[in-house]
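Structure, as structure tokens:
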Amino acid sequence: MQDENIEPKKLRIAAVGDIHVSEQDTGKWVDFFRQVSEEADVLLLCGDLTDTGRESEAEVLAGELRACSIPVLAVLGNHDYDHDQVKKLRKVFAQTNLQLLDGDFTVIEHVGFAGVKGYGGGFDRYMLGMFGEQLNKDFVQEAVTEALKLDAALSQLDSQQTDMKKIVLLHYAPIQATVEGEPEAIHAFLGCSRLEEPLNRRNVLATFHGHAHAGTLEGKTSTGVKVYNVSMPVLQKSGYEKPFFLYEV
């Protein structure tokens with residue numbers, strides 16, 4: 001009989017954002033996916049999977065993913081929307097081991113994962129409000145919608161198991177600390193504090209995002225939720241020894 005006091009085996013999570021796969025990248029990512037398959041149990045890709053959002057770039061990534069033998073969870077980033085081919089990208093990825101999260105959730109072993117792209121809007125007292133021209137209101141509404149989608153996914157995880165450990169994937173940042181290093185003038189386009197509220201209220205364990213290439217690796221929300229900017233340029237700038245961030249739960 002299994003001892004109930006035995007801790008479950010830790011889940012090794014690899015996370016990276018902004019890989020920007022292009023049409024010329026055939027063969028470039030094979031070693032990366034082989035290495036991550038050996039050192040982790042699940043891979044999180046935090047947006048900007050492709051360089052310009054073309055179906056042909058997604059097809060290259062799909063081919064490279066054949067070298068990956070672990071589950072892959074991902075959210076899309078702004079680059080993936082650039083050519084308005086998101087439906088085609090989703091169709092390509094549906095034929096691989098990559099699962100896109102967009103207000104969705106999944107459970108792997110003892111850990112629940114939820115993800116959305118997120119959006120901009122600024123942070124704390126400089127966060128944009130729902131005021132002014134309709135275009136401005138639409139910009140703010142996008143961030144509100146993304147935050148609500150994230151909260152709904154986390155709520156569903158809580159309904160399955162109230163004490164489940166929860167991990168969140170984003171592309172845009174939920175806090176300002178992990179975009180520090182970027183020009184202050186563009187902070188409003190790198191993330192939004194509206195994304196922080198679901199993390200705090202739902203007691204998320206850790207959150208991973210990308211997008212801010214010149215940002216900062218680690219930060220935390222106002223209640224202490226760990227936030228990691230795992231954009232590949234940030235990992236390289238931080239002197240991180242692997243091409244992906246490793247986190248154990």
Side-chain angles (χ1 to χ4, degrees), residues 14-30 32-33 36 42-68 70-106 113-121 134-135 137-150 152-153 168-174 186 188-192 195 208-213 215 229-234 243-244:
V16 66
D18 307 278
I19 61 175
H20 293 278
V21 172
S22 71
E23 294 174 347
Q24 292 75 41
D25 278 359
T26 299
K28 175 181 176 180
W29 296 95
V30 170
F32 170 88
F33 286 125
V36 78
V42 59
L43 171 62
L44 312 183
L45 295 178
C46 298
D48 285 359
L49 314 180
T50 63
D51 196 36
T52 60
R54 298 178 190 269
E55 181 182 15
S56 55
E57 295 170 339
E59 289 171 344
V60 171
L61 176 54
E64 302 296 283
L65 282 167
R66 296 191 187 102
C68 191
I70 60 175
V72 182
L73 306 179
V75 294
L76 295 178
N78 56 309
H79 278 243
D80 301 311
Y81 278 80
D82 188 48
H83 273 82
D84 198 25
Q85 296 185 8
V86 169
K87 289 184 179 179
K88 294 180 179 180
L89 266 60
R90 290 183 181 279
K91 186 175 180 180
V92 171
F93 294 142
Q95 301 172 45
T96 71
N97 59 335
L98 184 153
Q99 179 182 354
L100 281 177
L101 300 178
D102 183 17
D104 309 303
F105 69 92
T106 190
F113 296 86
V116 296
K117 172 175 62 69
Y119 204 58
Q134 188 59 47
L135 284 173
K137 292 177 181 178
D138 290 344
F139 187 90
V140 173
Q141 184 60 53
E142 184 68 15
V144 171
T145 299
E146 291 290 288
L148 290 172
K149 284 161 54 177
L150 176 59
V168 164
L169 294 73
L170 298 166
H171 181 59
Y172 288 81
I186 67 169
F189 301 98
L190 299 176
C192 184
L195 298 166
F208 300 90
H209 74 86
H211 192 39
H213 291 199
N229 178 353
V230 293
S231 173
M232 185 164 277
V234 169
F244 46 83

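Since the structure is predicted, the reported quantities are computational estimates derived from the model, not experimental observations.
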Exercise for the section: Give the intermediate values and the outcome of side-chain contact (heavy atoms from CB on, under 4.5 Å) for residues Ile19 and Met232. Expected result: CA-CA 7 Å; Ile19 61 175; Met232 185 164 277; 4.2 Å; yes
Exercise for the section: Before giving the answer on side-chain contact (heavy atoms from CB on, under 4.5 Å), spell out for Glu64 and Val30 the whole-Å C-alpha distance, their side-chain angles and the decisive distance to 0.1 Å. Expected result: CA-CA 6 Å; Glu64 302 296 283; Val30 170; 3.7 Å; yes
Handout entry: side-chain contact (heavy atoms from CB on, under 4.5 Å) assessment of Thr145 paired with Tyr119
Key = CA-CA 9 Å; Thr145 299; Tyr119 204 58; over 6 Å; no
Exercise for the section: Show the numbers, then the answer: is there a salt bridge (Lys or Arg N to Asp or Glu O under 4.0 Å) between Lys117 and Asp80? Expected result: CA-CA 10 Å; Lys117 172 175 62 69; Asp80 301 311; over 6 Å; no
Exercise for the section: Dump the intermediate steps for side-chain contact (heavy atoms from CB on, under 4.5 Å) on Asp102 and Val86, then the final yes or no. Expected result: CA-CA 12 Å; Asp102 183 17; Val86 169; over 6 Å; no
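Within 6.0 Å of CG on Asp84 lie no more than 12 heavy atoms contributed by other residues, nucleotides or ligands.
The distance from the OG1 atom of Thr50 to the CD atom of Glu23 is 10.5 Å, given to the nearest 0.5 Å. To the nearest 0.5 Å, atoms CG (Leu49) and CG (Leu76) are separated by 6.0 Å. Rounding to the nearest 0.5 Å gives a distance of 7.0 Å between CG of Leu45 and CG of Leu61. Separation of atoms CG (Leu148) and CD (Glu146) is listed at 9.5 Å; rounding is to 0.5 Å. With rounding to the nearest 0.5 angstrom, the CG atom of Asn229 is 9.5 Å from the CG atom of Leu190. The NZ atom of Lys88 lies 14.0 Å from the CZ atom of Phe93; values are rounded to the nearest 0.5 Å.
The backbone N or O of Ile70 sits less than 3.5 Å from a side-chain atom of Asn97, completing a donor-acceptor pair. Remark: side-chain polar atoms of His211 are not paired, donor with acceptor, to backbone N or O of Gly17 under 3.5 angstrom. A donor-acceptor pair under 3.5 Å is formed between the side chain of Glu57 and the backbone N or O of Thr52.
Aromatic ring orientation, Phe33 versus Trp29: tilted (interplanar angle from 30° to 60°). A perpendicular orientation is assigned to the rings of Phe244 and Phe32, their planes being inclined by more than 60° (bins at 30° and 60°).
Contact of the His209 side chain with the Pro174 side chain is registered, since non-hydrogen atoms from C-beta on lie closer than 4.5 Å. Contact annotation: the side chain of Val116 approaches that of Leu170 to within less than 4.5 Å [non-hydrogen atoms, C-beta and beyond].
In the model, Arg54 has no side-chain atom that pairs as donor or acceptor with a side-chain atom of Ser56 under 3.5 Å. A side-chain N or O of Ser231 and one of Asp18 form a donor-acceptor pair less than 3.5 Å apart.
Taking every heavy atom of both residues into account, Ser22 and Val60 meet most closely at O-CG1, 3.7 Å. Taking all atoms of both residues into account, the shortest heavy-atom contact from Leu169 to Leu73 is CD2-O, 3.6 Å. Considering every non-hydrogen atom in both Leu195 and Ala173, the closest pair reads CD1-O, 3.8 Å. Among all heavy-atom pairs drawn from Phe208 and Ala15, the shortest one is CD2-CB, 3.7 Å. A pairwise comparison of heavy atoms in Ala143 and Cys192 identifies CB-SG, 4.0 Å as the closest pair. Taking all atoms of both residues into account, the shortest heavy-atom contact from Ala62 to Val92 is CB-CG1, 3.8 Å.
Taking His79 as the reference, His20 meet the ring pair (Phe, Tyr, Trp, His ring centres under 6.0 Å) condition, with sequence neighbours excluded.
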